[in-house]
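Keep in mind that what you see is a predicted model, and the values were worked out from it rather than measured. Positions are given from 1, in the same order as the sequence printed here. Read the numbers this way: they start at 1 and go in the same order the structure lists the ligands and their atoms.
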Amino acid sequence: MRIYSRILGTGSYLPEKRLTNADLAAELAQQGVETSDEWIVERTGIRARHFAASTQGSSDLATEAARRAIEAAGITAHDLDLIIVATSTPDMVFPSVATMVQNKLGAAGCPAFDVQAVCTGFIYAVSIADAMIQSGAAKRALVIGAEVFSRILDFKDRTTCVLFGDGAGAVVLEASEQPGILATDIHADGKHRDILCVPGHVSGGQVLGDPVLKMDGQAVFKLAVRVLEETARASLAKANLQDTDIDWLIPHQANIRIMQSTAKKLKTPDEKVVVTVDQHGNTSAASIPLALDTAVRDGRIQRGQTLMLEGVGGGFTWGSVLVRY
Ligand code: UT7
């Protein structure tokens, strides 16, 4: 009998501070940086994003999302035997955000660790949790994507600072004989390091290099459109399904144009694509679980439906998870 990882519950959290494009443009104008609502909406589909308070770290956002997912799953934190957090913006160099979340939840004892695959982080983390559940190493896993990208943005660079936001999303996975995760597919190609990176690091008690996000937007765009189709097709093939079997496409929320182009290639009508980029901006590893939780809670996603989750990001990394919800 095959063991599946079934999604028991989802949760998400957005920090209180919300900035529309007009709010952000007004703040940037004070520093002599020119942008507009029109440009941001036309090129990206983003209308607003949330920024964490200075007192909040990824672990705070992650814990709030986790509490909501645990409640939706109808379990307690003590029932968890694995915690994985996908993040590129940890509270500290170490320990991991996952161990901080574990402590805040009061779930001491189970393994807890972070995964760093930038915007593909949640897909990587779910793939690892699924493999551990299938192997019998875990039975109830909490998987979280959490980011405070506002901390690593260069607010003098209008080509990147208008794109990102902060937030967290989480799922509780449980070992089940009922279908759950049908297939996973993850990849990386390190030669693309420089088109999306934060080149700074800590050494000798100092921050060396530039600790803010750098991106060659057009290079990322072209790569993203290609690999998002490839990885979706790879997951479908592993599960012996067709693109027409997808009920909901839940892609990484970076740019509405990338999402629409991927949907077209997968013959998925726009109505079947979960879009939150307009309200959240790009929240990196948090974007897919945030979108998933949004569509679960507003009733669009129903039990028994087939979901295609897919992401792409720095590294370069990319991947997908095909789920029977
Ligand atoms: O999560 C990781 C994955 N990341 C992504 O998927 C991002 C992928 N890339 C993109 O989404 C797009 O490439 C961007 C949204 C980043 C940029 O869109 P684009 O259509 O590729 O614009 P562009 O870079 O070609 O810039 C067009 C123009 C330029 O002006 P000139 O040279 O034509 O005069 C830019 O200087 O738009 C200008 N521009 C802006 N204008 C107003 C760039 N940023 C802004 C801005 N406001 N914020």
(message) Tell me whether atom 2 (C) of ligand 1 lies less than 4.0 Å from at least one protein heavy-atom position.
(response) yes
(message) Determine whether any protein heavy atom is located less than 4.0 Å from atom 36 (O) of ligand 1.
(response) yes
(message) Tell me whether the count of non-hydrogen atoms from other residues, nucleotides or ligands lying under 6.0 Å of NZ in Lys139 goes above 12.
(response) no
(message) For atom 48 (N) of ligand 1, what's the nearest protein heavy-atom neighbour? Residue, atom name and distance, please.
(response) Arg158 O, 2.9 Å
(message) Please classify the Ile258 to ligand 1 contact at 4.0 Å (heavy-atom distances, strictly less than): side chain, backbone, both or neither.
(response) side chain
(message) Using a 4.0 Å heavy-atom cut-off, which part of Ile40 comes near ligand 1: side chain, backbone, both, or neither?
(response) neither
(request) For atom 18 (O) of ligand 1, find the nearest protein heavy atom and state the residue, atom name and distance (0.1 Å precision). (result) Arg257 NH2, 3.5 Å
(request) With heavy atoms under 4.0 Å as the rule, classify the contact between Ala224 and ligand 1 as side chain, backbone, both or neither. (result) neither
(message) Is atom 33 (O) of ligand 1 near the protein, in the sense that some protein heavy atom lies at less than 4.0 Å from it?
(response) no
(message) I'd like to know if Asp243 and Lys267 make a salt bridge, using a cut-off of under 4.0 Å between side-chain N and carboxylate O.
(response) yes
(message) What I want to find out is whether Glu174 reaches Arg140 closely enough, with some N-O distance under 4.0 Å, to be called a salt bridge.
(response) yes
(request) Please write down residue, atom name and distance for the protein heavy atom closest to atom 28 (C) of ligand 1. (result) Trp39 NE1, 4.1 Å
(message) Salt bridge or not between Asp166 and Arg151? Use side-chain N to carboxylate O under 4.0 Å.
(response) no
(request) Count the heavy atoms belonging to other residues, nucleotides or ligands that lie under 6.0 Å from CD of Gln31, then report whether that count exceeds 12. (result) yes
(message) Test of understanding: given a 4.0 Å heavy-atom threshold, classify the contact between Thr35 and ligand 1 as side chain, backbone, both, or neither.
(response) both
(message) Does the residue Thr159 have a heavy-atom contact with ligand 1, meaning some pair of atoms that are separated by less than 4.0 Å?
(response) yes
(message) Does ligand 1 come near enough to Ser36 that some N or O of the ligand is less than 3.5 Å from an N or O of the residue?
(response) no
